[in-house]
There are 2 protein chains.
Amino acid sequence: MKKKNKRPSIKDIADRVGVSTALVSYVLNGQEKEKRVSAEVTQRIREVVKELKYTPNQIARSLRKGFTKTLGLIVADIANPFFGSLARFIEDEANAYGYTVIIGSSDEDCEKSSLLVDTLLNRQVDGFIIVPSDGCTNHINDLVNDEMPVVLVDRYIPGITTNYVILDNFNASMDAVGHLIFKGYRRIGMIAYQSSLIHMKERVRGYCQAMEAAGLGKNILVREVRHAHLDRDMNRVLKEILVDENKVDALYFATNAIAINGLYFIQKNKIKVPTECALIGFDGNEAFDFFASPLTFIKQPIHEMAKEAVKIVVDQINGSRKVAHIMLQHELIRRQSCG
Amino acid sequence: MKKKNKRPSIKDIADRVGVSTALVSYVLNGQEKEKRVSAEVTQRIREVVKELKYTPNQIARSLRKGFTKTLGLIVADIANPFFGSLARFIEDEANAYGYTVIIGSSDEDCEKSSLLVDTLLNRQVDGFIIVPSDGCTNHINDLVNDEMPVVLVDRYIPGITTNYVILDNFNASMDAVGHLIFKGYRRIGMIAYQSSLIHMKERVRGYCQAMEAAGLGKNILVREVRHAHLDRDMNRVLKEILVDENKVDALYFATNAIAINGLYFIQKNKIKVPTECALIGFDGNEAFDFFASPLTFIKQPIHEMAKEAVKIVVDQINGSRKVAHIMLQHELIRRQSCG
DNA sequence: CTGAAAGCGCTTACAG
DNA sequence: CTGAAAGCGCTTACAG
């Protein structure tokens with residue numbers, strides 16, 4: 001525990017120079033002009049700061065100032081490529097504003113998410129960027145009611161009036177399914193998470209809408225799988241609709257993880273894409289590129305999402321009271337999996 | 001900035017109950033027995049804590065106690081799947097010990113790494129887990145000389161006596177190349193990063209050793225590519241050895257990112273694997289599974305690496321002075337890319 | 001131009 | 001069993 005040399009404090013500098021800590025603080029914060037610190041003293045302080053390799057203790061500063069220049073970020077799982085990139089963009093963007101970010105993974109589990117919020121609150125983060133999990137209404141509501149700066153990303157919670165930046169999931173789904181229809185597929189199935197989260201609902205709604213608009217309402221086939229039992233559920237569902245019975249000629253996977261899982265099944269069962277079944281996925285992924293028939297997919301503007309989220313939360317921290325709802329548009333990346 | 005209700009402090013509780021802050025602190029820290037706080041007061045304090053939804057301000061606590069229960073983690077890039085998983089395992093492991101982790105990405109850039117160390121130092125992290133970049137000797141040395149708890153992961157720096165947990169890269173390389181030789185390949189090339197980092201040197205050394213041991217010393221062919229210009233360099237190198245001239249019948253990729261990049265080239269140029277060129281990679285990756293001929297690769301024990309790293313740094317924080325050098329063993333995952 | 005002092009929210013030796 | 005007080009390392013209004 002004992003460091004060879006405990007880090008120097010502002011007091012050490014003041015003593016060395018022979019002035020009060022106030023002057024050191026002023027110089028350190030570039031206020032030597034306003035506070036009219038003499039040129040010699042300023043100079044001398046600068047020297048000693050360098051000599052002692054002084055760097056300010058942000059903890060003390062935070063306690064005094066009431067803010068920490070820290071953002072709390074809660075994602076589903078930092079090891080998931082979508083959230084990994086999102087986190088990386090947020091990290092860079094936040095740094096540009098002088099903020100450090102503390103990341104936590106919720107595993108889409110509401111309890112974990114709530115615990116993370118508590119931890120981050122105790123650590124006095126100045127604001128939150130949250131990918132909310134299913135059923136998280138309560139603790140996010142508490143945050144919002146406390147007027148803590150919050151921005152939800154990837155999804156929002158309909159009951160809560162707060163900032164969010166999301167993809168236009170409905171439209172993205174419409175586009176994906178529309179593309180399949182345009183390519184001539186009629187028996188198009190969708191695999192989605194069993195979730196009451198809005199982004200999932202919207203993706204399903206977009207699918208249904210596109211099907212109905214094309215007069216294919218009777219062909220609507222949505223199978224839900226559980227996040228916590230993805231392998232098992234995917235296996236059961238795909239076996240049912242692709243192997244035991246031939247229920248679809250195209251499949252739309254609602255997320256990255258669902259798609260990857262589906263591709264394993266399809267590869268293992270030697271189902272030919274797109275001849276036996278066309279495919280379309282959500283979010284880019286290197287794995288999609290190497291699949292026998294590279295996957296057509298909905299690309300999310302992750303960088304922009306990160307940028308907007310950080311901007312909004314920083315604005316809120318700086319006192320903005322307006323509520324921002326940002327809806328971004330996707331890009332459809334066309335490749336071979338849809339023929 | 002102004003919160004509707006500023007969070008209650010220990011003082012608010014004390015006032016409400018009508019006791020001093022000392023008693024509240026004792027109860028909050030479960031010391032009511034040692035400090036002999038009366039049962040009634042303890043009870044009353046507990047009630048008010050609940051009523052006011054009080055949670056301690058860790059910033060104040062940290063300032064007073066001199067530690068923050070925070071770990072600083074520096075990886076090359078959190079968006080890279082290898083570092084993403086590593087970070088996730090470290091997060092979980094650290095949480096189990098009561099630590100929060102702050103993650104930063106260095107992009108293998110020494111300057112960025114140094115800046116991150118400064119930021120984390122200012123934030124008074126209790127210890128560091130670092131994936132060192134090329135040329136980072138100086139600032140890591142400073143940390144070590146200051147007796148700051150540090151553990152290096154994935155690689156270490158030969159000149160610095162400190163803790164590390166790494167893969168036995170030499171042995172892993174020997175095994176990978178040995179496998180190719182066993183499968184009958186003779187003109188085996190290797191693509192590695194241009195780097196003086198020990199993990200890369202060891203991987204190259206293992207390759208050379210395996211080649212020489214098999215009497216294939218004259219066939220040794222190592223091409224180095226730059227991290228910052230991966231695309232360009234890979235393209236040039238692969239064009240040279242696979243397209244313009246047929247210099248190898250097997251290729252060993254020294255990292256995940258190099259392998260992925262190589263696979264794009266091979267896919268684009270329609271080179272048949274393993275008939276025209278066998279392949280072997282480092283680190284698992286979903287993309288490897290979907291490549292036309294699923295890649296044989298060296299699997300690193302990421303979870304164990306994370307576990308050891310956190311354990312070591314926490315031990316150091318708790319006062320341990322012994323230096324730990326952990327070398328983990330790989331697993332060779334055999335699939336179709338080597339015939 | 002500079003210093004003494006209060007205070008952020010805690011913990012903890014000390015006194016009673 | 002309990003309270004008054006010092007102090008962690010800063011910032012900042014106030015006084016001179």
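Values reported hereafter were calculated over all heavy atoms of this structure, with side chains retained and with hydrogens, waters and symmetry mates removed. Chain A is the first sequence line, chain B the second, and so forth, proteins listed ahead of strands; every chain is numbered from 1.
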- Note on the structure: Pairing partner of D/dA4, by Watson-Crick or G-U wobble and under 3.5 Å for both distances, is none
- Measure from CD on A/Q58 to C1' on D/dT11 and round the result to the nearest Å. 13 Å
- Could you give the CG-to-C1' distance, from A/L121 to C/dG9, as a whole number of Å? 15 Å
- Residue-phosphate contact under 4.0 Å: B/S20 side-chain N/O, D/dG3 OP1/OP2: yes
- Message: Can you tell me if A/R64 touches the phosphate of D/dT12, counting only side-chain N or O atoms and a distance under 4.0 Å to OP1 or OP2?
- Response: no
- Message: For a quick test of reading the model: is some side-chain N or O of A/S38 closer than 4.0 Å to OP1 or OP2 of C/dT2?
- Response: yes
- Item | Test item: side-chain donor near acceptor, B/S105 and A/E91, under 3.5 Å | yes
- Item | side-chain N/O A/Y54 vs D/dC10 OP1/OP2, d < 4.0 Å | yes
- B/L28 CG to C/dG9 P, in whole Å, measures 15 Å
- Item | Per A/S9 side chain, nearest of listed nucleotides C/dG3, C/dT2, D/dC10 | D/dC10
- Using a cut-off of strictly less than 4.0 Å, decide whether A/S25 has a side-chain nitrogen or oxygen near OP1 or OP2 of D/dT11. yes
- Task: May I ask you to say what B/R36 touches in the nucleic acid, namely base, sugar-phosphate or nothing, with a heavy-atom cut-off under 4.0 Å?
- Result: base
- Message: What's the separation between atom CD in B/Q58 and atom CD1 in A/I59, rounded to the nearest 0.5 Å?
- Response: 10.0 Å
- Winner on side-chain proximity to B/K65, out of C/dC10, C/dT12, D/dT2, is C/dT12
- Is A/R88 paired with B/D77 through a side-chain N to carboxylate O contact shorter than 4.0 Å? yes
- Message: In whole Å, I'd like the distance from the CZ atom of A/R61 to the P atom of C/dG7.
- Response: 21 Å
- Query: Could you give the CZ-to-C1' distance, from A/F67 to D/dC10, as a whole number of Å?
  - Reply: 12 Å
- Residue mapping more 5' on DNA chain C - nearest nucleotide basis, A/A22 or B/K11: A/A22
- Find the partner of C/dA13: check Watson-Crick (N1-N3 plus N6-O4 or O6-N4) and G-U wobble (N1-O2, O6-N3) distances, both under 3.5 Å, and reply none if neither fits. none
- Item | A/H139 side chain to A/S113 side chain, donor-acceptor N/O pair below 3.5 angstrom | yes
- Any side-chain N or O of A/N29 under 4.0 Å from OP1/OP2 of D/dT11? yes
- Task: Please tell me which of A/I10 and A/K35 maps to the more 5' nucleotide of DNA chain D, matching each residue to the nucleotide holding its nearest heavy atom.
- Result: A/I10
- Quick one: A/N57 CG to D/dG9 P, roughly how many Å, whole number? 7 Å
- Message: How many whole angstroms separate atom CD of A/E34 from atom P of C/dC1?
- Response: 13 Å
- Message: Measure CG/A/D15 against C1'/C/dG3 and give the value in whole Å, please.
- Response: 13 Å
- Task: Could you point out which residue of A/V125, A/L71, A/I130 forms a side-chain contact (heavy atoms from CB on, under 4.5 Å) with A/L120?
- Result: A/V125
- Item | Donor-acceptor side-chain pairing of B/R123 and B/T70 below 3.5 angstrom | no
